[in-house]
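In what follows, a single structure is set out as structure tokens and then discussed.
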Amino acid sequence: MPQRLPSAAARGVRFRVLRPLPRSSSPGPRPGAESVVGDLTDSTVVREALVGIDAVFLIWPLLDSAPAHDLVAELVTAAPRVVYLSTTVMDDEAARQSDPIVQVHADMEALLHDAGLRPVVLRSDTLASNTRGWASQLRTGDVVSGPDAARTAVVDERDVAEAAVAVLLAHRDQLDQDLYVLTGPEILSRADQVAHLGAALGRRLRFQALPADLARSRMLADGRPGPLVEALIAASVRRQESHCTTDHVERLTGRPAGTFARRATDQAAEFS
């Protein structure tokens with residue numbers, strides 16, 4: 001198995017993490033990282049986090065881009081290089097995107113460009129880490145149920161992270177473009193992903209697709225916020241199957257994107 005690239009900390013790079021206000025489920029501080037705790041929509045917190053920073057990796061976690069205007073204003077003032085994590089589902093020719101999740105990414109890309117920040121955009125395919133949402137079901141049975149989704153080139157989130165680090169540490173003139181499309185090497189359905197997890201766990205697992213109404217009611221019963229549930233349902237119903245795979249992970253990291261099967265094996269303990 002190829003060795004993964006060393007982390008930013010291992011390369012001697014100082015970095016800072018803007019962390020949300022602590023909750024019981026929040027991860028702790030990251031080793032080697034400075035931390036600023038607060039809300040991404042709080043200009044004062046963002047201003048503090050940007051002091052002395054020359055490059056920013058931005059993930060926008062909300063379904064509304066309106067609160068990002070103040071954040072972007074702080075980025076313009078601080079003038080770091082910006083790397084934004086977006087989605088491969090984007091249709092650059094469409095007036096409106098397929099669902100609220102893709103729409104907010106389109107809005108954020110436009111907001112960053114219109115502000116003159118010249119971001120490097122990493123459009124990521126479906127992250128393999130999304131399967132962590134199945135962990136509770138797999139601890140109690142061999143069936144994963146939920147809304148189905150179009151097949152796509154699921155990408156290992158570690159590959160996305162390493163690609164982001166490569167872009168953040170590169171000089172602007174070392175990059176041959178401002179937009180990269182990060183995918184895994186194969187097109188997978190949710191049933192395919194469940195089968196790979198089963199192979200990694202030594203279990204015969206199967207995926208059970210739920211109708212949208214039933215999936216909605218179950219997610220709401222689990223305590224997920226209503227707007228998020230509606231966005232996830234819209235994504236499952238409206239997104240089209242993708243046949244796109246690229247070599248952009250390899251171009252940025254120097255090694256091919258990993259398979260979902262390898263990721264499932266590496267992370268099997270999460271589902272035990």
Side-chain angles (χ1 to χ4, degrees), residues 1-7 57-59 83-92 97-99 101-102 105-106 109 120-135 137-138 144 146-168 170 175-201 203 205-207 209 232 235-236 238-271:
M1 179 185 300
Q3 294 295 310
R4 305 202 70 83
L5 298 177
S7 67
F57 180 49
L58 176 61
I59 300 174
V83 180
Y84 177 66
L85 184 64
S86 187
T87 175
T88 59
V89 186
M90 194 85 66
D91 181 353
D92 290 313
Q97 300 297 323
S98 61
D99 59 80
I101 296 172
V102 187
H105 283 299
E109 286 190 26
V120 175
V121 176
L122 304 180
R123 289 186 179 172
S124 169
D125 216 314
T126 302
L127 295 172
S129 57
N130 288 350
T131 59
R132 290 188 175 119
W134 301 338
Q137 293 188 64
L138 292 178
V144 171
D148 206 352
R151 298 196 317 149
T152 186
V154 181
V155 61
D156 189 327
E157 71 279 4
R158 299 171 298 180
D159 289 338
V160 174
E162 289 172 10
V165 169
V167 173
L168 287 165
L175 301 174
D176 57 1
Q177 57 199 66
D178 291 333
L179 173 64
Y180 293 91
V181 177
L182 309 180
T183 76
E186 55 190 338
I187 308 298
L188 299 172
S189 66
R190 288 197 167 175
D192 295 329
Q193 295 171 62
V194 170
H196 281 304
L197 285 173
L201 295 169
R203 295 164 57 185
L205 305 180
R206 65 183 179 89
F207 177 72
L232 292 172
S236 71
R238 300 177 194 165
R239 289 188 190 178
Q240 300 297 309
E241 183 171 293
S242 170
H243 298 278
C244 173
T245 60
T246 75
D247 66 350
H248 291 190
V249 167
E250 183 171 11
R251 284 166 55 185
L252 290 171
T253 69
R255 56 168 187 73
T259 64
F260 184 88
R262 186 189 73 181
R263 196 272 180 194
T265 299
D266 290 349
Q267 307 297 323
E270 296 180 14
F271 302 94

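Worth knowing before you read on, the calculation uses all heavy atoms, side chains too, and leaves out hydrogens, waters and symmetry mates. Along the sequence shown, residues are numbered consecutively beginning with 1. All values reported here derive from a predicted model rather than from experimental measurement.
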Self-check item: Validation row: T245, E186 side chains within 4.5 angstrom (heavy atoms)
Solution: no
> Does any N or O in the side chain of T126 come within less than 3.5 Å of the main-chain N or O of V154, such that one atom is a donor and the other an acceptor?
Replying inline: no
dist D99:CG -> S236:OG (nearest 0.5 Å) comes out at 9.0 Å
Of all heavy-atom pairs linking A257 and T183, the shortest is CB-O, 3.5 Å
Review point. Can you check whether E157 reaches S124 side chain to side chain, under 4.5 Å on heavy atoms?
Key: no
When you measure from the side chain of H105 to the backbone of S86, do you find a donor-acceptor pair of N or O atoms at a distance under 3.5 Å? no
Taking every heavy atom of R238 against every heavy atom of Q240, the minimum-distance pair comes out as O-NE2, 3.3 Å
In terms of heavy-atom contacts, C244 and D125 come closest through O-OD2, 4.3 Å
Using a 3.5 Å distance criterion without hydrogens, assess whether the side chain of R203 forms a donor-acceptor pair with backbone atoms of L138.
yes
side-chain contact (heavy atoms from CB on, under 4.5 Å) filter on A261, not counting sequence neighbours, yields H196, T259
Exercise for the section: Apply side chain to side chain contact (heavy atoms under 4.5 Å, CB included) to the pair L205 and V144, showing each step before the final yes or no. Expected result: CA-CA 8 Å; L205 305 180; V144 171; 5.7 Å; no
- prompt: Side chains of D148 and F207: does their closest heavy-atom pair fall under 4.5 Å?
  reply: yes
Here the gap from D192 atom CG to L197 atom CG, rounded to the nearest 0.5 Å, amounts to 11.0 Å
message: Using side-chain heavy atoms (C-beta onward) and a distance below 4.5 Å, is T246 in contact with Y180?
response: no
Taking it one step at a time, do S98 and V89 satisfy side chain to side chain contact (heavy atoms under 4.5 Å, CB included)? CA-CA 8 Å; S98 61; V89 186; 4.0 Å; yes
Between D159 and L182, is any pair of side-chain heavy atoms under 4.5 Å apart?
no
May I ask you to check whether Q193 and T131 show a side-chain donor-acceptor distance below 3.5 Å?
no
Closest heavy-atom pair, L252 versus A163, reported as atoms and distance to 0.1 Å, is CD1-CB, 3.9 Å
### Query
Do R190 and W134 have side-chain heavy atoms sitting under 4.5 Å apart?
yes
All heavy atoms of R123 vs all of T88, minimum pair found to be O-CG2, 3.2 Å
CG of L179 to NE2 of H248, rounded to nearest 0.5 Å, is 8.0 Å
Between G258 and P185, the two heavy atoms sitting closest are O-CD, 3.3 Å
Practice task
Answer yes or no: is there a donor N or O on one side and an acceptor on the other, between the side chain of Q97 and the main chain of V102, under 3.5 Å?
Solution key: no
(message) Between T152 and L188, is the side chain to side chain contact (heavy atoms under 4.5 Å, CB included) condition met? List the steps.
(response) CA-CA 5 Å; T152 186; L188 299 172; over 6 Å; no
- Between L232 and I101, is a side chain to side chain contact (heavy atoms under 4.5 Å, CB included) present by the stated rule, with each step listed? CA-CA 8 Å; L232 292 172; I101 296 172; 4.0 Å; yes
To the nearest 0.5 Å, atom CZ of R158 lies from atom OG of S129 at 10.5 Å
